> 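After the structure tokens below, expect a handful of questions from me.
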Amino acid sequence: MTDDSPAERLRKLQAEHELPASAVDQLTTLQESVADLEQQRDQLAAELQKTNDGLLELTAELQDAERRYRRLFETSAEGIYTIDTALTQYDLVNPSFSEILGYDNGDALLEAVDSVADDVFVSGTRFAEYADRLRETGRLDSFEYRVQQSTGEPRWVSDNVISITDDDETVEGYRGGVIDITERKRKEKELRQFRQATEAAGHAIFLVETDGTITYANQAFEEITGYSAEEAIGTKAEVLTVADSNTSYQRFWETIPSDGKWEGRIVNQRNSGEYYHARQTIAPITDDSGEIGKFVGIQTDITRQVERERQVNALDRVLRHNLRNSLNVIKGRAEMAAEQTDNESIHAALDQILSTADELIETADEGREITRLLATRADRDTRKLDSIVAEAVADLQTRYPEATIETDLQAGASAVAVDSIDRAIEELIDNAIGHNDADPHVWVTLRPTEKEVLIEVVDDGPGVPEFDKHVFEDPERGDELSHGSGLGLWLVYWIVRRSGGELEYEERPAGGSLVTVRLPRACKPEPPHTANT
């Protein structure tokens with residue numbers, strides 16, 4: 001209390017003047033009241049100062065929170081916006097939302113968008129659902145729709161929206177948080193397409209855990225193995241194997257992680273117990289860190305192919321040993337008989353036997369070539385056809401000096417073919433010469449087009465015999481093979497087909513025939529240059 005306070009002045013007044021007792025009592029009471037009021041005043045002042053300090057601190061905290069919210073709003077990777085209650089225009093947008101819609105900044109977006117329904121949403125139906133659900137429930141969770149950017153490019157977004165209300169719970173607008181899910185949608189589409197392709201594939205495709213447990217099987221798996229997807233999923237892949245080979249199959253699964261991709265032929269067992277041959281590929285599926293999570297298996301039923309290979313091998317053994325050996329015996333006996341007789345009619349008959357035996361040996365050799373061709377893998381590679389054709393023509397010209405062979409070969413013409421393509425070309429030209437009893441004239445042309453290389457062999461002979469034409473017209477008609485003049489054209493056909501090409505035949509109006517071989521072109525064309533002989 002200060003020296004000049006009201007209570008102090010009252011005490012001084014009492015001390016300086018003699019006052020009646022009643023006045024003294026009144027002054028004392030007044031003094032006490034004044035002191036109480038001064039104390040209350042001091043307490044109120046302290047409380048007011050504390051409140052003022054609290055308000056200043058709260059204001060600072062609010063300002064800091066506003067700055068943090070603004071910073072969060074401006075730097076958030078999520079696109080944030082507010083929209084009016086009519087859902088017509090945006091009131092506020094952050095930079096991320098502007099970027100999602102393809103604008104440089106929020107002001108440009110707010111100026112450009114007059115109608116959210118027309119300028120932002122791609123689908124009017126989807127906007128109607130957006131608006132109806134917001135008005136009904138006041139919020140949207142992970143609502144997906146397509147927006148159009150300022151350039152017109154569509155993007156997929158996922159939106160979480162809540163209503164903004166006042167103290168009376170009256171809706172004043174809506175606030176949304178958007179993320180761009182275009183990439184996710186693209187991957188989902190690719191996954192759907194991959195799954196559709198997998199289901200439609202003609203190969204059995206299945207997924208296997210690292211312990212060999214099947215987790216997925218497509219339709220072809222069911223058709224090949226006889227196990228439905230429901231039966232297979234959850235079981236070990238060993239269910240497909242022959243009973244006494246489970247141990248080795250288990251080791252097989254254990255070695256894949258260290259050896260990586262595996263390819264090979266296996267013998268499996270269908271649900272019915274039937275054995276079948278398969279070509280199988282097993283490859284690991286890794287995560288982003290390179291760890292193996294699953295394996296994908298692709299299996300092709302090659303049972304019929306294996307059976308055909310065995311039949312071809314059996315035929316090859318017959319042609320190589322039985323038939324050829326027997327024909328050599330016949331030739332040897334006929335030659336011995338010819339040496340022991342001077343009878344001209346017998347000599348003529350023996351000459352016919354020897355000629356027929358030679359033809360049959362040649363046919364057997366061609367048959368062996370075909371069986372070897374069909375029994376081995378077709379390894380295609382780039383072949384320089386200009387050199388191959390030129391060498392074949394040179395050899396045949398030496399062998400048939402009476403024949404005239406003209407060529408028009410473009411240098412540098414290369415095609416994709418099997419390594420026996422030289423044999424096919426030689427056989428075609430030989431066939432053109434051999435079917436002409438007069439002085440044969442053959443033209444050989446080699447010319448590339450944009451996607452293929454054409455080899456054309458033209459002759460002036462009687463044309464291909466009727467029995468051999470079905471090689472070009474209907475190769476599946478093997479019932480007439482025995483009536484043909486040989487297997488040469490069949491050999492050509494299979495070499496060309498295994499090279500990925502086509503064999504065509506055409507009769508020339510002026511006589512003779514045109515045989516065309518079409519092969520896939522191997523590389524870009526070289527500078528034009530023609531070699532003529």
Side-chain angles (χ1 to χ4, degrees), residues 37 40-150 155-181 184:
L37 289 173
Q40 291 177 13
R41 180 200 64 190
D42 292 341
Q43 291 176 347
L44 180 60
E47 290 178 0
L48 286 174
Q49 183 62 43
K50 185 177 180 180
T51 301
N52 185 58
D53 292 341
L55 287 174
L56 290 175
E57 184 178 350
L58 180 60
T59 300
E61 290 178 355
L62 288 174
Q63 290 174 343
D64 184 60
E66 183 181 1
R67 283 193 298 270
R68 282 189 280 109
Y69 175 77
R70 174 60 62 178
R71 187 165 55 251
L72 178 64
F73 178 80
E74 294 293 336
T75 61
S76 174
E78 181 182 52
I80 302 173
Y81 69 89
T82 61
I83 190 171
D84 59 27
T85 54
L87 301 174
T88 301
Q89 292 183 321
Y90 297 118
D91 296 324
L92 184 66
V93 296
N94 75 338
S96 291
F97 188 73
S98 303
E99 183 180 353
I100 289 173
L101 290 185
Y103 292 92
D104 294 334
N105 53 64
D107 292 338
L109 188 155
L110 294 176
E111 183 178 353
V113 176
D114 294 325
S115 168
V116 171
D118 298 332
D119 299 332
V120 177
F121 275 74
V122 171
S123 168
T125 303
R126 197 62 174 157
F127 174 78
E129 186 178 352
Y130 167 89
D132 291 343
R133 288 173 58 180
L134 274 180
R135 290 174 180 135
E136 289 175 6
T137 65
R139 67 179 297 134
L140 289 173
D141 295 313
S142 301
F143 185 80
E144 297 180 359
Y145 56 95
R146 286 191 302 160
V147 298
Q148 54 186 350
Q149 293 186 314
S150 59
R155 305 289 293 180
W156 274 100
V157 298
S158 177
D159 201 352
N160 292 291
V161 191
I162 58 173
S163 57
I164 304 171
T165 59
D166 59 15
D167 294 339
D168 298 329
E169 298 298 321
T170 301
V171 176
E172 296 182 331
Y174 301 92
R175 182 173 61 249
V178 171
I179 58 173
D180 190 329
I181 59 171
R184 192 195 80 193

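No experiment lies behind these values; they were computed from the predicted model shown.
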> Please determine if R126 forms a cation-pi arrangement with F143, meaning its NZ or CZ atom is less than 6.0 Å from the six-membered ring centre and no more than 45° off the ring axis.
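Relative to the ring axis of F143, which defines the angle, R126 lies inside both limits.
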> Is the backbone N or O of G102 less than 3.5 Å from a side-chain atom of S150, with the two atoms forming a donor-acceptor pair by type?
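Flag set: sc S150 to bb G102 pair under 3.5 Å.
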> Is the backbone of D159 close enough, under 3.5 Å, to the side chain of E144 for a donor and an acceptor to pair up by distance?
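It does not hold such a pair.
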> Using a 4.5 Å cut-off on heavy atoms from C-beta on, say whether the side chain of V122 contacts that of Y145.
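No - every pair of side-chain heavy atoms lies 4.5 Å or more apart.
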> Does a sphere of radius 6.0 Å around CD in E78 hold more than 12 heavy atoms from other residues, nucleotides or ligands, not counting ones at 6.0 Å or beyond?
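Count over threshold, so yes.
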> For S115, enumerate each residue passing the side-chain contact (heavy atoms from CB on, under 4.5 Å) test, keeping only those at least two apart in sequence or located in another chain.
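So S115 forms a side-chain contact (heavy atoms from CB on, under 4.5 Å) with A117, D118, D119.
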> Does S142 offer a backbone N or O that forms a donor-acceptor pair with the side chain of N160 under 3.5 Å?
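Flag set: sc N160 to bb S142 pair under 3.5 Å.
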> Stepwise, does the side-chain contact (heavy atoms from CB on, under 4.5 Å) test hold for R135 with L87?
CA-CA 10 Å; R135 290 174 180 135; L87 301 174; 4.0 Å; yes
> Would you indicate whether Q43, at its atom CD, is surrounded by more than 12 heavy atoms from other residues, nucleotides or ligands within a distance under 6.0 Å?
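Atom CD in Q43 is crowded, with more than 12 foreign heavy atoms closer than 6.0 Å.
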> Please enumerate all residues that pass side-chain contact (heavy atoms from CB on, under 4.5 Å) together with T85, with sequence neighbours excluded.
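T85 satisfies side-chain contact (heavy atoms from CB on, under 4.5 Å) with V171 once adjacent residues are dropped.
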> As a quick check of understanding, evaluate side-chain contact (heavy atoms from CB on, under 4.5 Å) for V120 and Y90, giving each step before the final call.
CA-CA 11 Å; V120 177; Y90 297 118; 3.7 Å; yes
> Quick check: does any side chain N or O of T137 sit under 3.5 Å from a backbone N or O of R133, one acting as donor and the other as acceptor?
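Checked: pair present.
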> Treating D166 as the side-chain partner and D168 as the backbone partner, does any N or O pair qualify as donor plus acceptor under 3.5 Å?
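Between the backbone of D168 and the side chain of D166 there is a qualifying donor-acceptor contact (under 3.5 Å).
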> Do S98 side-chain atoms and Y103 backbone N/O form a donor-acceptor pair below 3.5 Å?
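Looks like no, no N/O pair under 3.5 Å.
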